[in-house]
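Only heavy atoms go into these numbers, but all of them, side chains included; no hydrogens, no water, no symmetry mates. Chain naming here is simple, since letters A, B, ... match the order of the sequence lines and numbering starts at 1 in each.
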Number of protein chains: 2
Amino acid sequence: MRSEDLAKILGLSRSTISRVINNYPDIPQVTRDKVWKAIEEYNYAPNASARKLAGVKNKMIAIILLDIKDNEDLHHIKTTDHTLIHENPFFSPIVTAVIDQANKMDYYALVSIVYSKNDLKKVRNIFHQKLIDGAVFVGTQEAENDLIFDLIAQKHLVAMIDTSEVNNANHNAIYINADNYEGSVKAVSYLLELGHTSVGIITGNLNKLSAIERLVGFKSTLKKQGIDVTEHMIYEGDFTEASGYEGAKHFLTASNPPTAIFVSNDTMVVGAYKAISELGLRVPQDISIIGFDNSFFSPYLNPPLTTIDISFSGIAKRATTLLIESIEQEQQRGIVEKANATLVERESCQRLKK
Amino acid sequence: MRSEDLAKILGLSRSTISRVINNYPDIPQVTRDKVWKAIEEYNYAPNASARKLAGVKNKMIAIILLDIKDNEDLHHIKTTDHTLIHENPFFSPIVTAVIDQANKMDYYALVSIVYSKNDLKKVRNIFHQKLIDGAVFVGTQEAENDLIFDLIAQKHLVAMIDTSEVNNANHNAIYINADNYEGSVKAVSYLLELGHTSVGIITGNLNKLSAIERLVGFKSTLKKQGIDVTEHMIYEGDFTEASGYEGAKHFLTASNPPTAIFVSNDTMVVGAYKAISELGLRVPQDISIIGFDNSFFSPYLNPPLTTIDISFSGIAKRATTLLIESIEQEQQRGIVEKANATLVERESCQRLKK
DNA sequence: CTGAAAGCGCTTACAG
DNA sequence: CTGAAAGCGCTTACAG
């Protein structure tokens, strides 16, 4: 069914059909009603391509998931968010949130997963083909910087979620990042409130920005409290379960073990729990543990893990909203925002008796 | 950049550019090379809408996630699949697998989440607008049957993953389902192999097909082994954690408790573990537990849960492949397939000493 | 081997 | 208020 067909049936011209659909003024209500009724009856919908070609925005964004080999920086995206409407972990909150927000703002969402540098050409094409009005990038690493900068230079609209790019403020793009520093401050402050003064940290890969920021938050919070941060309070891990195991062993077999450990991500906690259990110790009675990321599995750990949630769904929603806004205004925007981190209190930390 | 522009630069006509791009024969290699080189150089890509409008397939499918209110039938989609290329649970294996497979077959994937009956109109529109060539539906319930049957009648191409629709063989659509029966047989056979002869089952909602199939597999496997299935071996749950808790209490406080329990989904196991722990019993020393679904959290339970994996990513991949094949052949196909279920052996079942 | 032209199904100034 | 016509950027018979 084409608009021509519908026009004939109604004894009108295509122009009028089009005007009704596009909500032009100066059309009598009778005509309007007649047209809409026929549209419903015949299940007419304007051909998307023709519409687009004639100059109407198609309202489509892409979500580009970058998972290029040797890319290990996505560790802190493992999370879940219980504020989502559906509780089943259908798929990650980031993708859900972007799609949801796009749909809410009446946009379609195309999802594309990129596994290799080679696939980046396809991403470029999606833009050049005018298939989309803009895109949200997730998991960006250095590999795709050139592409993204190119696209920005060509006036394409892009948003990046939790990019590891540091000096991004100067680009005409939207950057929404997790606030690792704030999250870390919250974690350590919580331990201090519970009365812990002897605290260790198992860090992530210290060549990763997120790991560094978490460590810096740890140090500065303790210092502010007048606690000297010495070498033996820091164990350098790498965000893997194995390093969490080693880190916990390291601290708990020391001559003067801490009463609490800040583990820089929840994955490492899995290893840490294992080590603790092997040493015959219990969480939180013998050692308090706080994690970071609020990974999907954290509530199922034994005991359920107190950790830091950085609401990726909130970040995703924000990025999507800003992207679509800039699409509607047909204007690039340079925005850098940090998202809140919140403490999720569960059962892995104990208040210290005085 | 339009094909016209490129043509001018090269001193050719749009026709020739188009022929090179669409791989027409009878074009001298020199021309071909010249054109491709320019395409690369100027980052030219044919406008997707114009192309589509001119009759070229756009190669786009949709994934429609149905999550309409009062819809509780998605319980058994909670799962994860470790065969996926990236280990991080970015989002569910179903969506990843569909997108991946689509991308591999050179198709774009549009994802749409439907929360209300009202949104179904939008789904209808996606088809009528000719935005897509076909769609994979996930989580279908009765609510959207009318829509789907309509679309099928209109010769649209659709595939359904794990639909609860029973009499689907007569429709010209692709149905790929989990084999609940086979999975259940595998679970119970495993318990029998370990020497368990006194086995209980906590069922799911018995008004759901999946729950019924799992129960039937349980009964038939025991019968085949010459074990009488009596009422007291069956506890009717409803796939929720709470009912798992009650079910476990029920069995373990009975006068003659079983040595193993087949719990019809992993979510109920969470409750069952809680009950067992409260009763001062241990898994698997005092009671063996086997689950169903291989939910994402199952390896993190304590002890890690032995369960049945129904590889939703495999189902998704298969559905996508068949859908795209039928798109390429421009022909509806009526296909009903069941996917394999496999046992995932972890630490929640014990071999019984003779 | 390649160009000129029709056509895909819309939207939107331009007339009236 | 509404129709006829141009134009969006391609592809593809049709000629040559």
Side-chain angles (χ1 to χ4, degrees), chain A residues 1-36 38-39 42-60 106 108 125-133 154 330, chain B residues 1-36 38-39 42-60 106 108 125-133 154 330:
Chain A
M1 161 123 311
R2 303 160 308 147
S3 71
E4 173 94 55
D5 305 327
L6 201 65
K8 264 193 194 127
I9 293 174
L10 294 173
L12 291 168
S13 74
R14 282 148 52 198
S15 319
T16 305
I17 306 286
S18 177
R19 285 194 185 99
V20 170
I21 286 176
N22 294 297
N23 232 329
Y24 273 54
D26 295 334
I27 303 209
Q29 196 57 42
V30 233
T31 315
R32 231 177 254 288
D33 292 345
K34 201 168 66 169
V35 172
W36 277 118
I39 287 176
Y42 296 95
N43 268 325
Y44 170 74
N47 180 300
S49 305
R51 215 154 180 239
K52 175 95 207 290
L53 191 56
V56 177
K57 282 229 190 63
N58 60 343
K59 300 201 168 200
M60 175 131 74
D106 209 23
Y108 292 112
N125 260 340
I126 295 178
F127 281 92
H128 290 152
Q129 286 175 135
K130 304 246 159 112
L131 200 53
I132 54 167
D133 303 316
Q154 293 163 197
E330 304 187 1
Chain B
M1 161 122 312
R2 303 161 307 146
S3 71
E4 175 93 55
D5 304 328
L6 201 65
K8 262 189 197 134
I9 293 174
L10 294 173
L12 291 168
S13 72
R14 281 148 54 200
S15 319
T16 305
I17 307 285
S18 177
R19 285 191 187 100
V20 169
I21 287 176
N22 295 295
N23 231 329
Y24 273 55
D26 296 333
I27 304 209
Q29 196 58 41
V30 231
T31 314
R32 230 177 255 288
D33 292 344
K34 201 168 66 171
V35 172
W36 278 119
I39 286 175
Y42 295 96
N43 267 327
Y44 169 74
N47 180 299
S49 305
R51 210 150 185 244
K52 175 95 207 291
L53 191 57
V56 176
K57 283 228 189 64
N58 59 346
K59 299 203 169 199
M60 176 130 75
D106 208 24
Y108 292 112
N125 260 341
I126 296 179
F127 281 92
H128 291 323
Q129 286 176 133
K130 303 245 160 112
L131 200 54
I132 53 167
D133 302 316
Q154 292 162 199
E330 303 187 3

With a 4.5 Å heavy-atom cut-off, do B:M1 and B:L6 have their side chains touching?
yes
Looking at side-chain heavy atoms only, is the closest gap between A:I21 and A:I39 below 4.5 Å?
yes
For B:T16, report the nucleic acid contact type (base, sugar-phosphate, nothing); a contact means any heavy atom under 4.0 Å.
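Sugar-phosphate contact only.
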Give one of base, sugar-phosphate or nothing for B:T31, where a contact means two heavy atoms less than 4.0 Å apart.
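The residue B:T31 makes sugar-phosphate contact but no base contact.
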Where chain A begins and ends its contact with DNA chain D, read 5' to 3' at 4.0 Å from heavy atoms
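So the outermost contacting nucleotides come out as D:dC1 to D:dG9.
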Distance in Å, [X] [atom1] paired with [Y] [atom2], rounded so as to fall on 0.5 Å steps:
X	Y	atom1	atom2	result
A:I17	A:R2	CD1	CZ	12.5 Å
B:Y44	A:H128	OH	NE2	12.0 Å
A:S3	A:D5	OG	CG	8.0 Å
B:Q129	A:Y108	CD	OH	4.0 Å
B:Q154	A:N43	CD	CG	5.5 Å

Residues that B:R14 engages under salt bridge (Lys or Arg N to Asp or Glu O under 4.0 Å), provided they are two or more places apart:
B:E4
Taking the C1' atom in each of C:dT12 and C:dG16, what is the distance between them to the nearest angstrom?
16 Å
Whole-angstrom distance between C:dT2 and C:dA6, as gauged at atom P:
23 Å
Map A:R19 and A:N47 onto DNA chain C by nearest heavy atom, then report which one ends up closer to the 5' terminus.
A:N47
Runs of at least three consecutive Watson-Crick or G-U pairs, both distances under 3.5 Å, are what I'm after; which ones involve DNA chain D?
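Ordered by first number, the stems with DNA chain D (at least 3 consecutive pairs each) read C:1-3 with D:14-16, C:5-12 with D:5-12, C:14-16 with D:1-3.
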Those residues of residues 3-14 of chain B lying under 4.0 Å from DNA chain D by at least one heavy atom
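Within this stretch, B:S3, B:R14 sit under 4.0 Å of the strand.
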On a heavy-atom basis, which atom in B:I27 and which in B:T16 lie closest, and how many Å separate them?
CD1-O, 4.4 Å
Between B:R2 and A:D26, who's closer to the 5' end of DNA chain D by nearest nucleotide?
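Upstream on the strand: A:D26.
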Can you list the residues that meet the side chain to side chain contact (heavy atoms under 4.5 Å, CB included) rule with A:P25, with sequence neighbours excluded?
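Listed in chain order: nothing, the list is empty.
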For residues 48-58 of chain B, tabulate all N or O donor-acceptor pairs below 3.5 Å that involve a side-chain atom, not counting sequence neighbours.
residue: B:R51; atom: NH2; partner: B:N22; partner atom: OD1; Å: 2.6
residue: B:K52; atom: NZ; partner: B:K130; partner atom: O; Å: 2.5
residue: B:K57; atom: NZ; partner: B:E330; partner atom: OE2; Å: 3.0
residue: B:N58; atom: ND2; partner: B:L131; partner atom: O; Å: 2.9

